[in-house]
Amino acid sequence: MPSAPPGPFRPGFWRSPLRGPWLTSALGSILLILIAIVATTGFLSHAAYMPDLGHNAIVPKDRDLPWIASFFDWPTSPSWLYGLTQGLHTNVGLIAIPFLLAKLWSVIPRLFSFPPVTSPAQAIERLSIALLVSSSVFELATGVMNAQYWYPFKFNFVVAHYYGAIVFVTSLVLHVVVKLPVIAKAYRERGVLKPLRDDLARTKPEPRDDDGLVTPNPAEPTLSRRGLFAFAGAGAATLLVANVGQSVGGPLRKLAFLAPRREIVPGDFPVNKTARAARVTHAMTGDGYQLKLRVGDNEIALSREDLLALPQRTAKLPIACVEGWTTRQEWTGVPLSLLAEKAGAPGASQVLVESLQPAGVLRRAALTGGQIAAEDALLALKVNGHDLSLDHGYPARIIVPALPGVHNTKWVGELTFTPRAA
Ligand SMILES: Nc1nc2c(c(=O)[nH]1)N[C@H]1C(S)=C(S)[C@@H](COP(=O)(O)O)O[C@H]1N2
Ligand SMILES: [Mo]
């Protein structure tokens with residue numbers, strides 16, 4: 001066997017006495033719990049998008065995971081549901097970052113193992129690890145970029161993050177299954193928590209292992225194992241405090257210095273896309289504005305005055321954005337079920353909502369029968385007792401309990417109902 005080139009390829013190069021199967025297993029166990037939460041809430045978010053519903057499809061139906069679309073209709077109650085699942089998704093995803101970095105640090109010697117490939121089986125294992133590492137970094141990086149409204153990439157975030165998640169979860173399951181004996185052995189021999197009792201003076205290397213995680217050339221420890229967990233934990237806590245306020249609100253909102261609070265006017269709530277950015281003008285929303293209600297070939301048009309003359313309903317409902325921020329406001333407007341009735345489609349099974357916004361994927365969205373029928377599902381005309389501002393969707397916008405923010409279409413121009421099947 002050729003001898004390893006000098007530098008990081010030599011086993012003695014990596015000298016931290018902390019590295020070993022127990023440390024990697026313990027960091028991996030924490031990550032596994034965090035990622036289980038992130039993956040579950042992520043796939044729930046995908047389901048909330050209703051990929052099988054016309055005009056909401058983000059992934060072609062025939063290439064989507066069939067069970068995701070079929071197992072349930074995203075509910076409209078409790079209204080905070082999507083705020084909770086998406087708040088968990090983004091905040092737990094952030095917390096995972098320091099632990100992922102710590103885990104990658106713990107296995108660095110493996111990255112340089114020499115020779116890189118010794119057998120076909122081992123080549124497959126290494127390939128699956130390459131997929132796991134790259135997809136986990138890709139998912140966390142694109143997630144953070146999205147939450148920061150930073151889109152330097154040219155691909156569609158939602159589609160890429162979704163397919164990335166499938167690669168990630170698949171390679172993770174494989175990894176856990178393959179490593180189960182190593183994890184079990186580490187916990188059996190060293191105890192699950194026992195190594196955390198060691199202070200710096202008692203921090204010794206683990207016994208040499210087959211994978212070469214334990215250094216043959218240990219340096220004096222500068223940090224105990226529990227110190228390492230505290231360090232990663234402090235990083236996670238800092239990220240959490242710096243972000244969670246935009247999900248839960250209250251006094252924490254002020255502390256959320258990493259959460260983009262752009263275009264926040266004092267006393268107002270965040271705006272996803274301004275009217276200006278969406279190219280919605282006063283000419284479109286002024287006196288000439290008419291909402292078109294359509295069923296088949298029948299069309300009726302209502303001015304904003306007509307809408308205000310209809311029975312109004314007020315409800316305190318959140319906008320819960322896929323990017324993890326949530327805001328609860330008091331909305332007033334016409335129930336969607338009433339508009340379906342007016343249009344001639346009582347109990348409609350679907351509605352296609354189209355915005356006055358001339359272009360962009362968010363200019364239209366489809367709502368299910370259940371989302372139309374929900375008591376508090378509104379075409380909102382006012383918020384907190386005042387007319388909607390242009391940036392929040394004047395003259396009229398959709399607001400449906402527990403709907404992802406992205407489907408709460410602003411500047412609504414047309415509603416096309418599909419009648420209930422006879
Ligand atoms: N026409 C239109 N409606 C839209 C959007 C948009 O870009 N265009 N953004 C959506 C997204 S992603 C969110 S989170 C909410 C935000 O509503 P707000 O700007 O009033 O807070 O509006 C939704 N409605
Ligand atoms: Mo959003």
Side-chain angles (χ1 to χ4, degrees), residues 42 45-46 48-50 55-56 58 74 79-83 85-87 89-90 143 145-151 156-158 161 246-247 249 253 259-281 284-285 289 291-292 315-333 336 351-367 371 377-384 386-415:
S45 181
H46 184 69
Y49 263 83
M50 280 297 152
H55 307 280
N56 286 350
I58 50 169
W74 189 255
S79 66
W80 43 260
L81 183 66
Y82 190 76
T85 61
Q86 202 57 12
H89 183 70
T90 50
M145 284 152 94
N146 180 257
Q148 294 293 327
Y149 302 106
W150 186 42
Y151 292 95
N156 178 312
F157 164 79
V158 179
H161 199 68
Q246 74 167 351
S247 311
R253 202 176 279 274
R261 286 167 294 146
R262 48 162 208 178
E263 289 161 36
I264 294 193
V265 181
D268 196 6
F269 55 97
V271 168
N272 171 270
K273 191 173 211 135
T274 60
R276 195 196 171 100
R279 295 175 196 274
V280 172
T281 61
M284 300 173 184
T285 60
Y289 168 79
L291 171 75
K292 300 201 173 73
K316 208 163 165 123
L317 296 174
I319 289 184
C321 181
V322 290
E323 285 139 358
W325 59 268
T326 299
T327 177
R328 247 187 133 74
Q329 309 295 333
E330 196 181 81
W331 307 89
T332 303
L336 291 179
V351 62
L352 171 64
V353 181
E354 288 176 274
S355 174
L356 301 169
Q357 180 184 338
V361 275
L362 300 191
R363 67 169 302 281
R364 49 193 206 167
L367 305 179
Q371 289 161 353
L378 303 177
L379 181 72
L381 306 169
K382 298 182 175 203
V383 61
N384 303 324
H386 301 287
D387 287 348
L388 291 170
S389 66
L390 192 56
D391 284 342
H392 286 306
Y394 182 90
R397 76 171 301 163
I398 297 292
I399 187 91
V400 173
L403 196 67
V406 52
H407 289 160
N408 287 317
T409 310
K410 304 194 276 192
W411 316 291
V412 173
E414 295 175 24
L415 295 175

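Just so you know, ligand 1 is whichever comes first in the structure, and atom 1 is the first atom listed for that ligand. Fair warning: this is a prediction, and the values are worked out from it, not measured in the lab.
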- Query: Contact residues of ligand 1 with a heavy-atom cut-off of under 4.0 Å?
  - Reply: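 The answer is Phe269, Pro270, Val271, Asn272, Lys273, Ile319, Cys321, Trp325, Ser355, Gln357, Leu362, His392, Arg397, Gly405, Val406, Asn408, Thr409, Lys410, Trp411, counting any residue whose heavy atom sits under 4.0 Å from ligand 1.
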- Task: Please work out which of the three classes, parallel, tilted or perpendicular, describes the rings of His392 and Phe269, given edges at 30° and 60°.
- Result: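 Taking His392 first and then Phe269, their aromatic rings lie parallel (interplane angle under 30°).
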Is there a side-chain contact between [X] and [Y] in this structure, where contact means two heavy atoms from C-beta onward sitting under 4.5 Å apart?
| X | Y | answer |
| --- | --- | --- |
| Leu352 | Arg364 | yes |
| Ile319 | Asn272 | no |
| Glu323 | Thr90 | no |

- Query: Which pairs, with at least one residue in residues 402-414 and sequence neighbours excluded, count as a salt bridge (Lys or Arg N to Asp or Glu O under 4.0 Å)?
  - Reply: Arg294-Glu414
- Message: Whether the side chain of Trp74 engages the backbone of Met50 through a donor-acceptor N/O pair (distance < 3.5 Å, no angle test) should be reported.
- Response: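 Not a single qualifying donor-acceptor pair exists.
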